There are 2 protein chains.
Amino acid sequence: MPPVDRQSLKAKFVEFLGAKDLRMTCQREAILDAIFATEEHFTAEQLLDWSRRIDPSVSRATVYRTLPLLTECGLLREMDFGKDHKFYDPNYATHPNHSHIICQDCERIVEFESDKIVKLEDEISSRLGFKVRSQKLQITASCQELHSRGACANKRC
Amino acid sequence: MPPVDRQSLKAKFVEFLGAKDLRMTCQREAILDAIFATEEHFTAEQLLDWSRRIDPSVSRATVYRTLPLLTECGLLREMDFGKDHKFYDPNYATHPNHSHIICQDCERIVEFESDKIVKLEDEISSRLGFKVRSQKLQITASCQELHSRGACANKRC
DNA sequence: GTGGGTGCAAAGTGTTTGCAAGTGT
DNA sequence: ACACTTGCAAACACTTTGCACCCAC
């Protein structure tokens, strides 16, 4: 992600905080920087680890207290992949309508965007009396490559 | 749900159990009957409550041990609506491709099915090298009726 | 009879919170 | 100065598990 985006997202968060009479702190800044450094989905514990490398004073409690703020601000999205802990998706800020394919064979998670699906969702929702605010689509799939060749980029049979 | 469906679903579960060298028991049967009696999404705790009305000997542990079996068998589906506990959807057995609209205003959850969306998902997945096994689509929306009239079937402003 | 099943209560796990001290505005 | 914030550790809530007894096949 280019620095210019990073700056504008940081500004967005500061503005969001200000509107709620909340403050930007060193710890929140470290957490923000940790998030900007990845495009992968991550857990709270991973974020704590990364944040502490930037600022060792960041505590688990602060990470857990900050995550809902980042989510509400639209910088992160909570994801449930059926595991016991939540995952957070940092690509939501720049691609709010992307979806996920989770491969049950090779455990890859692939992201994609489809205007056609978004349009259909709008149509269907409207017909039912709703206006779409956000959407979350997860496709569980199996890997064609793995099944036809016995191996894929991620895994062998 | 008509009794005939109920019987065939019960048979499906018994067959599923048999294939794993597992057995049908009174407790599992009570849990199954409790599930057949609802079309609403429910929690583990609710299911325990309902099951105990059919057979008071059902324990919390058995409910928690049986839920993954029912999910794997395809009779239930785990749903995450952002709450701290999981919800289970009993309509999955008869409508495996249905989706959810969750209204952030009036808190309704509406189910719908769309062949067009399913077809698009297949196309996109195939293009990316995957074969769809299941899909989970949640649309978060706001209620048009509530916003335009100041009230809807579920809630007033 | 044997291997799976059960209830109970204790343990586990990710997340939240009360508190006293610290800090941004 | 006054709120908002923090780290720490205890508390939480949901879920899982060890164990001794029970029961379906």
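Sequence lines set the chain letters: A, B, ... in the order given, protein chains first and strands last, and positions in each chain run from 1. Any value given below was found using the heavy atoms of this structure, including those in side chains, with hydrogens, waters and symmetry copies removed. Predicted, not measured: the structure shown is a model, and the values here were computed from it.
Here the C1' atom of nucleotide D:dT16 and the CG atom of B:L69 are 14 Å apart, to the nearest Å. Note: CZ (B:F13) to C1' (D:dA24) measures 15 Å, nearest angstrom. Between B:E78 atom CD and D:dC14 atom C1' the separation is 13 Å, expressed in whole Å. Rounded to whole Å, atom C1' of D:dA13 lies 14 Å from atom CZ of B:F87. D:dC25 atom P lies 17 Å from atom NZ of B:K20, rounded to whole Å. Across the protein-nucleic acid pair, B:D21 atom CG and D:dC23 atom P stand 21 Å apart, rounded to whole Å.
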Summary of protein contacts for nucleotides 10-16 of chain C, nucleotide by nucleotide, where a base hit scores B, a sugar-phosphate-only hit scores S (4.0 Å, heavy atoms)
----SSB
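Of the candidates D:dT5, C:dG5, D:dC8, C:dG5 carries the atom nearest the B:L22 side chain, counting heavy atoms from C-beta on.
Taking CD1 from B:I109 and CG from B:D89, the interatomic distance works out to 9.0 Å, rounded to the nearest 0.5 Å.
Taking 4.5 Å as the limit, every side-chain heavy atom of B:R6 sits out of range of all side-chain heavy atoms of B:L9. Inter-residue side-chain proximity for B:S51 and B:Q27 is flagged as unmet; no heavy-atom pair is nearer than 4.5 Å.
Nearest heavy-atom pair across A:E121 and A:V132 is O-CG2, 3.8 Å. Nearest heavy-atom pair, A:W50 versus A:A34, reported as atom, atom and distance to 0.1 Å: CB-CB, 3.9 Å.
Near-neighbour residues of DNA chain D inside residues 23-32 of chain A, defined by a heavy atom below 4.0 Å, number-ordered: A:R23, A:T25, A:Q27, A:R28.
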Check against side chain to side chain contact (heavy atoms under 4.5 Å, CB included), A:T71 and A:Y88:
CA-CA 9 Å; A:T71 301; A:Y88 293 86; 4.0 Å; yes
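A donor atom on one side chain and an acceptor atom on the other are found under 3.5 Å apart for A:H41 and A:E111.
The aromatic rings of A:H100 and A:H98 sit perpendicular, their planes meeting at an angle over 60°, well past the 30° parallel limit.
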